Undergrad: 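Got a structure for you, written out below as structure tokens; questions coming shortly.
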Amino acid sequence: MGREIVVPGQLLSDNANESGSGTYVKEGRVFSLLYGVANIKNKISVIPFSGKYIPSRKDFVIGIVFETTSSNWIFDIGSPYDGLLHVSEYPRRVESSKMREVFDIGDCAILRIKDVDASMKIELTLREKGLRKIKGGRLLEVPSTKVPRVIGQNGSMVSMLKKETDCEIFVGQNGRIWINGKDENMDKLSEAIDMIIRESHISGLTDKISKFLQAEGETEDINAYEEVKDTDIEQEEIVENANSADEEYSEDAEKVNESSSKANQLPDTEES
Amino acid sequence: MANKPEKFIDENGLRLDGRAVDEIRPMTIEIGVLSRADGSCYLEWGKNKILAAVYGPRELHPRRMQKPDEAIVRYRYNMAAFSVEDRARPGPSRRSIEISKVSRDAFAPIIMTKYYPSAVIDIFAEVLQADAGTRTAAINAASIALADAGIPMKGLISACAVGKVDGQLVLDLSKDEDNYGNADLPIAMTQDGEISLLQMDGNLTKEEFKKALEMASEGCRQILEIQKEALKRKFASHEEVVESLAEVADEIIEDVQKEIELIDEDFEVSELEDEDVIEITIAKTDTSEPVDKAQEEDFTEFTEDESSNVDGPEGYEADKAGERHEQ
């Protein structure tokens, strides 16, 4: 038997070498640090049921600006720690007086974590393919521990959702999901994502959601549904020449969405 | 209300409520009762009713309270005004401040605060109905709420009290036993039996104290089992849960493997860059401080240089380092 629900302090193994993430070693034995599911492969790790998003390097996240300074935008990235985007990490040169014209408070962006230091100072970057400011669409929030479920095995869930609803989707490691498409499709999609979160413990979920979406398409919203979590972020077109630059960077977004979802599903891999 | 009973233990060795001397009151635990909290727990223990909520790790304000190398833990024990027969005056009292302090310290050995530097973990324990032993009940509830919040811990904390009535030691005092007994000894301990809270009210002889400790350990062990059982039961109703979560786990594991490879590659490449990296950090800290306002001009200059330069980080670092030396 390889997997079971474990509680903090539960003995997992007598072999200290088998300690993986979410575990600690005491007197040569491995114990669980978290309340979650133990997974025994070559190492034993514990996947938590819940917990805050703790940023780690190379994660893709969706951030919301809540403060600007003369050289930094400060993003809320849905974790206990704020993310700093320095002007030099923006693809173009920005005058310190024009910071607000590029990102004003409340604006959202798809970002990547460039570095996290020991004191949890988080440096973000926009200088990579697929990273850009978000315009239009909706932002949903889900618990960060459920992100792998939304992505599915090798991105199966995300690609199914994309196909069925004809929406653009980007899933950030911090549990924020950006969707964009026709209004009715977005309604459907946010309902589906809600369902994934509610029923994340059911196996064969991808098929179930797929069926749900297909049925939904036929019956045309029998049950009216209110999406509480979504925040409409219809944004004005960004001023000036920002457009041209942004477009350049959004070209490859799709591709990166997929590769990122694979490479970044892991929660923080702290070990004791 | 109730006057002092004449006898606490009858001829058959049973207590007022029919328990044996070494028997705890029945305990029921419900997990995740508050949807807005990160973790929560509702616990009934005899007539005690406790609601515990955990928030965090989250950002701590004011900043001066932050600890740069670990998270701080705040614990608030509070009795609702209606929790006792005579209305309890709302707000912190000498008693509740003390209990909050010792309860917070009771969790010190298990919470991995090092994982969340400069953050805070808030624990709130509200006593809705009090019936003796509320601090131990609150600790038991908080322990579950912490686990529910996904906070890394070395184990769970369990707590119970031992007291003396009619010259005899009894486990888990009831209201009357607490009010009219000769001693009350609340104890909290980790699963290894490490004591993290011990208070005493009244008098016990050395031998009685030793015996009391033993009884408390046994009580805590029983409570730990109830706590574990409650946590495991939360998902047990869904048969597939373990299976499906493990599916997710598999995916994560694969990714961890990939990530490890990635990191390994990085290490090979970046070993030499280490010193530079440190320098950058210093330079950056400087610039993000208000000092940089005075230096805005230098700063703009450097960005110009940089954008005209190759995009490589070397030029960037050199400039940064240069800036630092100027200071």
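Every chain is numbered from 1 and lettered A, B, ... according to where its sequence line falls, protein lines coming before strand lines. These numbers were taken from a predicted model, which means no experiment stands behind them.
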Undergrad: Roughly how far apart are B:Lys232 NZ and A:Glu4 CD, rounded to 0.5 Å?
TA: 5.5 Å
Undergrad: Identify the heavy atoms of B:Ala119 and A:Tyr81 that sit nearest to each other, and give their distance.
TA: CB-OH, 3.7 Å
Undergrad: Could you have a look at B:Lys114, B:Arg58, B:Met153 and say which one has the most heavy-atom pairs with chain A under 4.5 angstrom?
TA: B:Met153
Undergrad: Check the surroundings of atom CD in B:Glu225: do more than 12 heavy atoms from other residues, nucleotides or ligands lie under 6.0 Å from it?
TA: yes
Undergrad: Any sub-3.5 Å donor-acceptor pair from A:Tyr24's side-chain atoms to B:Lys154's backbone N or O?
TA: yes
Undergrad: Could you grab the distance from atom OH of B:Tyr115 to atom CD1 of A:Ile54, nearest 0.5 Å is fine?
TA: 11.5 Å
Undergrad: Can you tell me if A:Ser119 uses its side chain to pair, donor with acceptor, with the backbone of B:Pro68 under 3.5 Å?
TA: no
Undergrad: Rounded to the nearest 0.5 Å, how far apart are CG of A:Leu33 and CD1 of B:Ile111?
TA: 12.0 Å
Undergrad: Heavy-atom cut-off 4.5 Å, strictly under: side chain, backbone, both or neither for A:Ser32 against chain B?
TA: backbone
Undergrad: Please classify the contact of B:Ile151 with chain A as side chain, backbone, both or neither, using a heavy-atom distance under 4.5 Å.
TA: backbone
Undergrad: How long is the straight-line distance from CD1 of A:Ile5 back to NZ of B:Lys228, given to the nearest 0.5 Å?
TA: 14.5 Å
Undergrad: Quick one: does A:Tyr35's side chain have a donor or acceptor within less than 3.5 Å of a partner on B:Ala149's backbone?
TA: no
Undergrad: Measuring from B:Gln66:CD to A:Met120:CE, what's the distance to the nearest 0.5 Å?
TA: 12.5 Å
Undergrad: Taking the side chain as every heavy atom from C-beta outward, state whether B:Asp38 and A:Lys52 have any atom pair closer than 4.5 Å.
TA: yes
Undergrad: Do B:Asp192 and A:Lys26 have side chains that approach each other closer than 4.5 Å (heavy atoms only, starting at C-beta)?
TA: yes
